Amino acid sequence: MSIDPREVVGWFDRVRRDLPWRRPEVSAWQILVSEFMLQQTPVARVEPIWRDWIARWPTPSATAAAGAADVLRAWGKLGYPRRAKRLHECATVIAAEHGDVVPEDVEVLLTLPGVGSYTARAIACFAYQQSVPVVDTNVRRVVARAVHGLADAGNPSAKRDEADVAALLPDDDTAPRFSAGLMELGALVCTARNPKCGVCPLSHCAWRTAGFPPSTAPVKKVQKYAGTDRQVRGRLMDVLRASDAPVTRAQLDVAWLTDTAQRDRALDSLLVDGLVEQTEDGRFALAGEGADAGAGAPSSGARGRMQPLRSRADNSEG
DNA sequence: GACTCGTGGTG
DNA sequence: TCACCAAGAGT
């Protein structure tokens, strides 16, 4: 059982969403920005942030010239703020080492901060119309069902997954639409829950032929959030984004009152990640606060990590 | 390969 | 209600 690329491309041409980063005037850098934002994040939440972002920083050099703190604020509550930091670093590398032009080659793209196997191929395909397999969670699910007759994809394996999709890729200039179409199909029709098989454009689906056998995979661990370090980190980042000036330890403490050990651990991890820095007087701020990249400010977290956290007693200014 | 890293919509 | 899920990357 296989997938007929013409069915995917034809369907995509009819029903494709008019997402802003799909318009012809959008640059490779702006497509790259959308791919960073879309990592593990729904389209609806990305759209407004992406519009503001590219209006403010339309090129890699413009992004690199911004301060890391401004970048983290513009990222807002998209989540996983390490992505914002990597995007800033990625802009810096492209501006400094690639003539302010997003590389076309997958192998070169893979050397950029925050660019992994999916993002590198998505840029090569969607920004530069290359015929390379683009494998995201949607594509893996569509292939698992239509080709392999399974309810859902197994554990990700870049080699195997990319070989699967490479075998399906049309050998002509419709490859980018085919890849975008597979992703769109997984996002709109062949969804994880309640797939809309009644409107699926594929005339051959191994999963349907087999009678929709249920998943045999063991139940995945629940993705907890409430009460986790991630939630605490989010609270702390929320406090820091909201403040123009560095904040005291006490101001951070009120963001998480239930478990002080966990709070300390979360703050320390933010310092390690280079998302937060400690000022010389012991207060805390977003990394790169008050500095732009042109000043050569330490946007990596080494500086913040060098200073041991001061005790709360040391810091209780009156 | 297993684990971590945010946030908010939804069935 | 709350478990599940969403264009992954890095360690």
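Chain letters run A, B, ... following the sequence lines, proteins first and then strands; every chain starts at 1. Since this is a predicted model, take the numbers as computed values, not measurements.
- Using a 3.5 Å distance cut-off with no hydrogens or angles, the side chains of A:Thr41 and A:Arg83 do pair a donor with an acceptor.
- Contacts of A:Ala192 with the nucleic acid, taken as non-hydrogen atoms under 4.0 Å apart, involve only primed sugar atoms and P, OP1 or OP2.
- Rounded to an integer number of Å, the gap from CG of A:Asn194 to C1' of C:dC5 is 12 Å.
- For the pair A:Leu32 CG and C:dG8 P, the computed distance is 15 Å after rounding to whole Å.
- Straight-line distance from the NZ atom of A:Lys85 to the C1' atom of C:dG10: 13 Å, rounded to whole Å.
- Among residue pairs with one or both ends in residues 66-75 of chain A, those qualifying as side chain to side chain donor-acceptor pair (under 3.5 Å) are A:Arg73-A:Glu289; sequence neighbours excluded.
- Within 4.0 Å (heavy atoms only), A:Ala44 reaches no atom of the nucleic acid at all.
- Of the residues listed (A:Lys196, A:Arg16, A:Arg17), the one engaging A:Leu188 in a side chain to side chain contact (heavy atoms under 4.5 Å, CB included) is A:Arg17, and it is the only one.
- When the nucleotides C:dA9, C:dA7, B:dG11 are ranked by their closest atom to the side chain of A:Ala187, C:dA7 comes out on top.
- Of the two residues near DNA chain C, A:Leu110 and A:Thr191, the one whose nearest nucleotide lies more 5' is A:Thr191.
- Side-chain atoms of A:Tyr118 and A:Gln39 form no donor-acceptor pair, as typed in the model, at a separation below 3.5 Å.
- Sequence order on DNA chain C of the closest nucleotides to A:Val115 and A:Val43 puts A:Val43 first from the 5' end.
- Protein atom CD1 of A:Ile123 is 13 Å distant from nucleotide atom C1' of C:dG8, rounded to whole Å.
- Residue A:Leu182 is classed as having no contact, given no heavy-atom separation below 4.0 Å to the nucleic acid.
- With A:Trp11 contributing its side chain and A:Leu202 its backbone, the two residues share no donor-acceptor pair below 3.5 Å.
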Identify each donor-acceptor pair in which a side-chain atom of residues 134-141 of chain A lies under 3.5 Å from a protein atom, sequence neighbours left out, and give them as a table.
from: A:Asp136; atom 1: OD1; to: A:Asn138; atom 2: N; distance (Å): 3.2
from: A:Asp136; atom 1: OD1; to: A:Val139; atom 2: N; distance (Å): 2.9
from: A:Asp136; atom 1: OD2; to: A:Asn138; atom 2: ND2; distance (Å): 3.2
from: A:Asn138; atom 1: OD1; to: A:Arg141; atom 2: NH2; distance (Å): 2.8
from: A:Arg140; atom 1: NH1; to: A:Gly154; atom 2: O; distance (Å): 3.1
from: A:Arg140; atom 1: NH1; to: A:Asp161; atom 2: OD2; distance (Å): 3.4
from: A:Arg140; atom 1: NH2; to: A:Gly154; atom 2: O; distance (Å): 3.1
from: A:Arg141; atom 1: NE; to: A:Cys190; atom 2: O; distance (Å): 2.7
from: A:Arg141; atom 1: NH2; to: A:Gly186; atom 2: O; distance (Å): 2.8
from: A:Arg141; atom 1: NH2; to: A:Cys190; atom 2: O; distance (Å): 3.4

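- Taking atom P on both B:dT4 and C:dA7, the two are 23 Å apart, rounded to the nearest angstrom.
- None of A:Arg22, A:Arg177, A:Arg14 except one satisfies the salt bridge (charged side-chain N to carboxylate O under 4.0 Å, His left out) rule with A:Glu184; the exception is A:Arg22.
- Using a 4.0 Å heavy-atom distance criterion, A:Trp75 is classed as making no nucleic acid contact.
- The side chain to side chain donor-acceptor pair (under 3.5 Å) contacts involving residues 99-108 of chain A comprise A:Ser61-A:Asp100, where partners must be two or more places apart or lie in separate chains.
- Contact annotation: the side chain of A:Val189 never approaches that of A:Val15 to less than 4.5 Å [non-hydrogen atoms, C-beta and beyond].
- Separating the CZ atom of A:Phe36 from the C1' atom of C:dG10 is a distance of 12 Å, rounded to the nearest angstrom.
- Atom CD of A:Glu35 and atom C1' of C:dA9 are 13 Å apart (whole Å).
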B/S/- contact track for nucleotides 5-10 of chain B, protein heavy atom under 4.0 Å: BBBSB-
If you look only at distance, which donor and acceptor atoms sit under 3.5 Å apart when one is on a side chain in residues 234-242 of chain A and the other is two or more places apart or in another chain?
from: A:Arg235; atom 1: NH1; to: A:Ala255; atom 2: O; distance (Å): 3.4
from: A:Asp238; atom 1: OD1; to: A:Arg241; atom 2: NH2; distance (Å): 3.0
from: A:Arg241; atom 1: NH1; to: A:Gly76; atom 2: O; distance (Å): 3.3

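- As a whole-Å value, the separation of A:Asp161 CG from C:dA7 P is 15 Å.
- Near-neighbour residues of DNA chain C inside residues 130-143 of chain A, defined by a heavy atom below 4.0 Å, number-ordered: A:Asp136, A:Thr137, A:Asn138, A:Arg141.
- One can place CG of A:Leu87 at 16 Å from P of C:dG8, the figure rounded to the nearest angstrom.
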